[in-house]
Amino acid sequence: MASKFSHKLPEEHLYEGILFFGFSPPETLDAVKDFQVRDDDVFIVTYPKAGTTWLQEIVWLIMHDGDFLCAAKDPVYFRCPFLEFKDDVLHEVGLDLSNTMPSPRVIKSHLPVKLMPRQLFQNNKGKILLLFRNPKDICVSYYHFYRSSSSLGNFNGTFHEFLHMFVEGHVDHGSWFDFTRSWWSKRHEANVYILFYEDMKRDLKQCIIRLCEFLNKPLSENLVDKIVEHSSFESMNMNPMTNHLDVYSINSKISPQLRKGIVGDWKSHFTVGQNEIFDKIYEKEMGDVNIPFLYELE
Ligand code: PPS
């Protein structure tokens, strides 16, 4: 059946009913399910645009005892591989890189529960950090990323069109609602820890201290302070290892990976009508799943 949306992702395909771009081909998604998890692995699991890169940089530094020298030599996307991503230009960014990497590994994924490595939920192997962000800001961030990224087909439609694609799950990695419900149901698992982007914006130091406790990596206050400073939006934006200015598929002149980094940018994109429609769809999709998202900071 022809899609009602005219935008096409490069080599898009449906995998178990979820839309993916060509950089997550079916054979990669098959192989991810059989990925060999190590006990000391840390998975950063997010829906796209939830602040993944921010958490990757922080967690990599925590797990490597604040090795800023090493972090200054290797882009974050090589230090923390994107599990389900296969790129013939960059090579070795997903499964291959993860498989050959020494421990402790910090691995990024945007997959819903049902597509994750099976071993993660067998004997609670590895740790899972779930980072959530309010869906209105995610939608706005994703819209700009869809415009700037050739991997996503350089979307040139309106925000209104994108909003429809987003709420219907017609975007790479599928529905935010399905992803979020699937992971929220895992929140009580012993190896799962939840963070919110908005809390990181409010009090990053406190979030890092708690993260260190969960990861069993006690760091000195001095080191925590250094990580806080290193991972501010301004620092990461200036840092060639984190700002993605070198990524061939992202046209930063259209919109950079580190775009604004604020809470509440949705207010400058959503009309009152779009906001009402979104709220109704949210209520219908999420029902009694009660997640305390913050849509603005005081
Ligand atoms: S991706 O491509 O899905 O991995 O993108 P992701 O990294 O998840 O999300 C990109 C958004 O995260 C913001 N970001 C930050 N915010 C605050 N502080 C820091 N240090 C930081 N680093 C990245 C980035 O700006 C994107 O959000 P928007 O709203 O588009 O600015």
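As the structure lists them, so they are numbered: ligands from 1, and atoms in each ligand from 1.
- Scanning all protein heavy atoms for the shortest distance to atom 20 (N) of ligand 1 gives Ser231 O, 3.0 Å.
- Under 4.0 Å from ligand 1, not a single heavy atom of Met200 appears.
- Annotation: atom 12 (O) of ligand 1 to nearest protein heavy atom, Gly51 CA, 3.7 Å.
- Residue Met236 touches ligand 1 through its side chain alone, judged by heavy-atom distances below 4.0 Å.
- Close to ligand 1: Lys49, with a non-hydrogen atom less than 4.0 angstrom away.
- Where the criterion is an N or O separation shorter than 3.5 Å, residue side chain and backbone included, Tyr47 fails it with respect to ligand 1.
- Between Asp137 and ligand 1, no N or O atom pair is found at a separation short of 3.5 Å.
- Remark: Lys49 qualifies as a cation-pi partner of Phe145 under the 6.0 Å distance and 45° angle criteria applied to the six-membered ring.
- At a 4.0 Å heavy-atom cut-off, ligand 1 touches Ser141 through backbone and side chain alike.
- Ring pair Trp60/His64 is parallel by interplanar angle, where below 30° counts as parallel and above 60° as perpendicular.
- Which parts of ligand 1 touch Thr53 is read off a 4.0 Å heavy-atom cut-off, strictly below it: atoms 4 (O), 6 (P), 7 (O).
- Aromatic rings from His230 and Phe68 are positioned such that their centres are separated by under 6.0 Å.
- Contacts between Ser235 and ligand 1 below 4.0 angstrom, taking non-hydrogen atoms only, are absent altogether.
- Residue Arg133 touches ligand 1 through its side chain alone, judged by heavy-atom distances below 4.0 Å.
- Considering Tyr77, Trp266, Tyr197, Tyr142 only, the shortest heavy-atom separation from atom 17 (C) of ligand 1 involves Tyr197.
- Closest heavy-atom contact between Leu83 and Pro117: CD2-CG, 3.9 Å.
- A side-chain donor-acceptor contact under 3.5 Å links Thr52 and Thr46.
- Not one N or O of Thr46 is nearer than 3.5 Å to an N or O of ligand 1, by distance alone.
- Here is the list of ligand 1 atoms found below 4.0 Å of a heavy atom in Lys108: 4 (O).
- One N or O on the side chain of Lys201 and one on the backbone of Gly261 form a donor-acceptor pair closer than 3.5 Å.
- Inclusion of His110 in the set of residues having an N or O under 3.5 Å from an N or O of ligand 1 is warranted.
- The contact set between ligand 1 and Ser232, taken as ligand atoms under 4.0 Å from a residue heavy atom, comprises 20 (N).
- Compare Tyr143, Phe145, Phe82, Trp54 by their heavy atoms: the one nearest to atom 21 (C) of ligand 1 is in Trp54.
- With hydrogens left out, the protein atom closest to atom 8 (O) of ligand 1 is Thr52 OG1, 2.4 Å, a heavy atom.
- With Tyr295 as the aromatic partner, Lys136 meets the cation-pi criteria of under 6.0 angstrom to the ring centre and within 45 degrees of the ring axis.
- Between Tyr282 and Phe293, the ring planes are perpendicular. Angles over 60° get that label, and only those under 30° would be called parallel.
- Checking only distances, Leu258 never comes within under 3.5 Å of ligand 1, N or O to N or O.
- Taking the six-membered ring for Trp and thresholds of 30 and 60 degrees, Phe35 and Phe43 have ring planes more than 60 degrees apart, a perpendicular arrangement.
- Applying the ring pair (Phe, Tyr, Trp, His ring centres under 6.0 Å) rule to Phe5 yields the partners His170; only residues at least two apart in sequence or on another chain are considered.
- Close N/O approach between Gly261 and ligand 1 is found [any backbone or side-chain N/O within under 3.5 Å].
- With hydrogens and angles left out, the side-chain atoms of Arg147 and Ser255 include no donor and acceptor closer than 3.5 Å.
- Aromatic pair His13/Phe21: centroids not less than 6.0 angstrom apart.
- Although no hydrogens or angles enter the test, the distance criterion places a donor-acceptor pair under 3.5 Å between the side chain of Arg181 and the main chain of Glu285.
- Close to ligand 1: Gln257, with a non-hydrogen atom less than 4.0 angstrom away.
- Within ligand 1, counting atoms from 1 as listed, the ones closer than 4.0 Å to a heavy atom of Pro48 are 3 (O).
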